[in-house]
There are 2 protein chains.
Amino acid sequence: MAEITASRALPIGEASRRTGVNIETIRYYERIGVMADPARTQAGHRAYTLDQIKRLAFIKRSRELGFSLAEIRALLALVDAGGATCAEVHHMTTEHLANVRHKIADLRAMERVLKDMAAECSRGDVPECPIIDALFDAGNGR
Amino acid sequence: MAEITASRALPIGEASRRTGVNIETIRYYERIGVMADPARTQAGHRAYTLDQIKRLAFIKRSRELGFSLAEIRALLALVDAGGATCAEVHHMTTEHLANVRHKIADLRAMERVLKDMAAECSRGDVPECPIIDALFDAGNGR
DNA sequence: GTAAGACCTGTAGGTACTACAGCTTCAAGG
DNA sequence: CCTTGAAGCTGTAGTACCTACAGGTCTTAC
């Protein structure tokens with residue numbers, strides 16, 4: 001539907017549908033300056049070009065990969081400056097990758113402890129619980 | 001210092017030092033009702049008992065394991081009610097564990113994609129970057 | 001006595017949204 | 001032509017979990 005290039009300016013609802021980004025979120029991105037202000041119709045409705053929708057999709061994709069809006073802003077600035085060298089982008093990506101790996105390590109440490117705690121629990125209908133004890137004692141044990 | 005049991009009421013700074021919880025955070029926990037209001041000195045300074053400090057350590061430990069404050073509130077309510085059955089606590093823990101594992105899976109998916117993107121990048125001093133392309137195209141490709 | 005440090009309250013900011021309220025505009029049917 | 005419902009608009013407030021002031025009081029050590 002509306003695959004013909006003639007459809008130059010799309011309303012926000014269509015932008016949302018095409019990118020999967022919530023309408024309120026699109027307006028939020030505009031407010032904080034991650035998305036440039038789009039053109040407006042006479043009535044004041046936002047009118048998006050296909051390029052702007054591509055940009056929105058870029059943001060979405062980057063968010064899905066865990067980039068912060070600040071990082072995305074920097075990536076887009078690199079793209080816009082034209083002088084986005086591959087090396088710079090690579091640097092940002094590997095930094096972010098290190099971040100993600102750090103988070104994974106943290107979560108895996110949590111996972112281990114939670115698993116062990118749960119394993120020691122009788123699941124019984126009794127008031128004594130080794131999980132609660134563990135939660136209390138770890139603070140003490142230090 | 002002050003290791004003798006006679007030290008019954010400790011100021012907030014000492015509570016912070018003993019638990020590793022930031023002073024402002026302790027006050028925040030009090031404000032939102034996760035920590036009960038402590039006794040006060042004549043001057044209005046907070047005076048913590050060792051039990052309250054244990055409770056604070058419990059919250060810290062639980063936060064480190066990724067429990068939300070809402071979950072911690074529920075855990076503490078179970079403890080306080082006295083009827084904290086092991087089964088209930090076990091249920092909350094395994095639910096949270098599932099949550100943690102889900103997050104790990106998400107992050108690992110991110111990690112894979114980021115790693116692959118970075119690997120395809122020449123790191124060169126050139127404006128064409130496969131990372132940027134990937135970020136733009138994935139949104140399109142759907 | 002005084003000066004540094006610890007404590008107090010209350011408010012604002014940060015991140016990334018989401019959800020209203022209360023209004024205007026557009027599109028289609030009767 | 002008019003109405004109705006969907007979609008759009010602005011602006012504000014709420015979510016989670018803190019953190020960081022500002023501007024004051026109190027305690028402690030010299």
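Only a predicted model underlies this, so the values are computations on that prediction, with no experimental measurement involved.
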Trainee: Nearest 0.5 Å please: distance from the CG atom of A:L65 over to the CE atom of B:M117.
Mentor: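 Rounded to the nearest 0.5 Å, the CG-CE separation comes to 5.5 Å.
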Trainee: Output all residues satisfying salt bridge (Lys or Arg N to Asp or Glu O under 4.0 Å) with B:R73, sequence neighbours left out; order by chain, then residue number.
Mentor: none
Trainee: Just how far is it from atom CZ of B:R61 to atom OG1 of B:T19, taken to the nearest 0.5 Å?
Mentor: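 OG1 of B:T19 is found 14.0 Å from CZ of B:R61.
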Trainee: Any base atoms under 4.0 Å from A:R40, or only sugar-phosphate, or nothing? Heavy atoms, all strands.
Mentor: sugar-phosphate
Trainee: Quick check for you: to the nearest 0.5 Å, what is the distance between A:I72 atom CD1 and A:R55 atom CZ?
Mentor: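 So the CD1 of A:I72 and the CZ of A:R55 are separated by 11.0 Å.
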Trainee: If I take atom CD1 from residue A:I12 and atom CZ from residue A:R17, how far apart are they, to the nearest 0.5 angstrom?
Mentor: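 Those atoms lie 11.0 Å apart.
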Trainee: Using a heavy-atom cut-off of under 4.0 Å over every strand shown, decide if B:I32 touches base, sugar-phosphate, or nothing.
Mentor: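 Nothing: the residue B:I32, judged by heavy atoms under 4.0 Å, touches no strand.
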Trainee: Would you compute the distance between atom CD1 of B:I26 and atom CG of B:L56 and round it to the nearest 0.5 angstrom?
Mentor: 5.0 Å
Trainee: Under 4.0 Å from a heavy atom of chain B: give me the 5'-most and 3'-most nucleotides of DNA chain C that qualify.
Mentor: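 Span of nucleotides near chain B: C:dC7 to C:dT9.
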Trainee: Each nucleotide in nucleotides 14-30 of chain D should get exactly one letter: B, S or -. Can you fill that in based on protein heavy atoms under 4.0 Å?
Mentor: ---BBBBB----SS---
Trainee: So which pairs with a foot in residues 90-110 of chain A pass salt bridge (Lys or Arg N to Asp or Glu O under 4.0 Å), sequence neighbours left out?
Mentor: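 Qualifying pairs, neighbours excluded: A:R101-B:E111.
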Trainee: Tell me the bend of the helix from C:dG1-D:dC30 to C:dG30-D:dC1 as the angle between end helix axes, each from five pairs, rounded to the nearest 10 degrees.
Mentor: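 Computed angle between terminal axes is 20°.
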Trainee: Drop me the distance from B:I131's CD1 to B:D116's CG, to the nearest 0.5 angstrom.
Mentor: 11.0 Å
Trainee: Which heavy atom of B:A47 sits nearest to which heavy atom of B:P38, and what is that distance?
Mentor: O-CB, 3.8 Å
Trainee: Show every ring-ring contact (aromatic ring centres under 6.0 Å, His included) that has at least one partner inside residues 88-115 of chain A, sequence neighbours left out.
Mentor: A:F67-A:H96
